[in-house]
Amino acid sequence: YQTTIIIICEKERCIMMSKVWKILTGLFVLISCMAVLGGCGDSSDKKSNEAATPKTYAEADINILISEAKENAAAAGKNYKDKDVKIVGGIVNNIDSDLKYFTLDGTDKNFSMFHVSCQIDKQNKELQDAVLNIKKGQPVIVYGHIKDVGDIMGYTLKLDKIEVNN
């Protein structure tokens with residue numbers, strides 16, 4: 001009797017352990033899937049919220065920007081670098097033939113070497129089309145993010161938008 005009972009108990013124990021193992025494995029897979037799907041949903045929600053929130057641009061006159069960079073590029077960098085700005089008073093100078101950038105000058109001839117280099121996103125066809133419609137010497141208003149401030153050439157701006165200022 002005892003031998004038979006032990007074998008039956010061990011079989012029941014194996015069957016029980018097998019069921020527990022299957023349940024635990026199933027729970028692990030379920031939790032993993034929920035974590036992956038939940039993580040994907042969060043990131044897309046964040047992106048859509050960021051896209052829905054419009055940027056706020058601080059208005060800046062190009063002559064003041066250039067003057068500040070000429071007087072003290074380090075201070076100008078601290079004030080403007082990594083900021084979103086709307087630059088008014090700029091005159092189109094050079095337009096790159098590959099549509100990588102164009103430059104804006106101010107009206108103050110004391111700072112003729114300083115300018116704002118407006119970098120054009122090659123993926124943004126709407127922005128490229130807008131740049132194709134401007135001309136050298138034309139007054140414009142630009143919107144973008146100042147990436148760099150230098151003591152020799154001036155500012156580097158990642159261009160978001162351009163408006164012709166008539």
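Given the structure is predicted, the values throughout are model-derived calculations rather than measurements. For the numbers below, each heavy atom of this structure counts, side chains included, while hydrogens, waters and symmetry mates do not.
Closest of all the heavy-atom pairs between F102 and I95 is CB-CA, 3.9 Å. For the residue pair G106 and I66, the shortest heavy atom distance occurs at N-CD1, 3.8 Å. Pairing each heavy atom of K147 with each of K81, the nearest pair is O-CE, 3.2 Å. Considering all non-hydrogen atoms of both residues, G89 and T107 come closest at O-CG2, 4.3 Å. Nearest heavy-atom pair, H145 versus D160, reported as atom, atom and distance to 0.1 Å: N-OD2, 4.4 Å. Nearest heavy-atom pair across L157 and G144 is CD1-C, 3.5 Å.
The NZ atom of K125 sits 9.0 Å away from atom CG of L99, with the distance rounded to the nearest 0.5 Å. Taken to the nearest 0.5 Å, the CG atom of D148 stands 15.0 Å off from the NZ atom of K158. Once rounded to the nearest 0.5 Å, the distance linking CG of D151 with CD of E71 reads 13.5 Å.
The shortest side-chain heavy-atom distance between Q128 and I120 falls under the 4.5 Å cut-off. Within the 4.5 Å cutoff, the side chain of V92 has heavy atoms near those of the L104 side chain. Counting heavy atoms from C-beta on, the side chains of V88 and N165 never come closer than 4.5 Å. Looking at Y155 and I87, their side chains never come closer than 4.5 Å, going by heavy atoms from C-beta outward.
S117 meets the side chain to side chain donor-acceptor pair (under 3.5 Å) test with Q119; sequence neighbours excluded. Residues passing the salt bridge (Lys or Arg N to Asp or Glu O under 4.0 Å) test with K161, sequence neighbours excluded: E163.
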TODO: Just do the side-chain contact (heavy atoms from CB on, under 4.5 Å) check on K136 and N93 with the steps written out, would you?
DONE: CA-CA 5 Å; K136 187 173 181 172; N93 187 4; 3.4 Å; yes
- [ ] With side-chain hydrogen bond (donor to acceptor under 3.5 Å, both in side chains) as the test, would you mind laying out the steps for N63 and D108 before giving the verdict?
- [x] CA-CA 6 Å; N63 293 308; D108 189 340; over 6 Å; no
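Atom NZ of K100 has 12 or fewer heavy atoms from other residues, nucleotides or ligands within 6.0 Å. Few gaps surround CG on L132; more than 12 heavy atoms of other groups in view lie less than 6.0 Å from it. Counting heavy atoms of neighbouring residues, nucleotides and ligands inside a 6.0 Å radius, atom OH of Y143 exceeds 12 of them.
In the hydrophobic clustering of this structure, V164 does not group with Y101; members are Ile, Leu, Val, Met, Phe, Trp, Tyr whose side-chain heavy atoms approach within less than 4.5 Å, directly or through other members. Cluster membership for I141 and I91, using ILVMFWY side-chain heavy atoms within less than 4.5 angstrom, is not shared.
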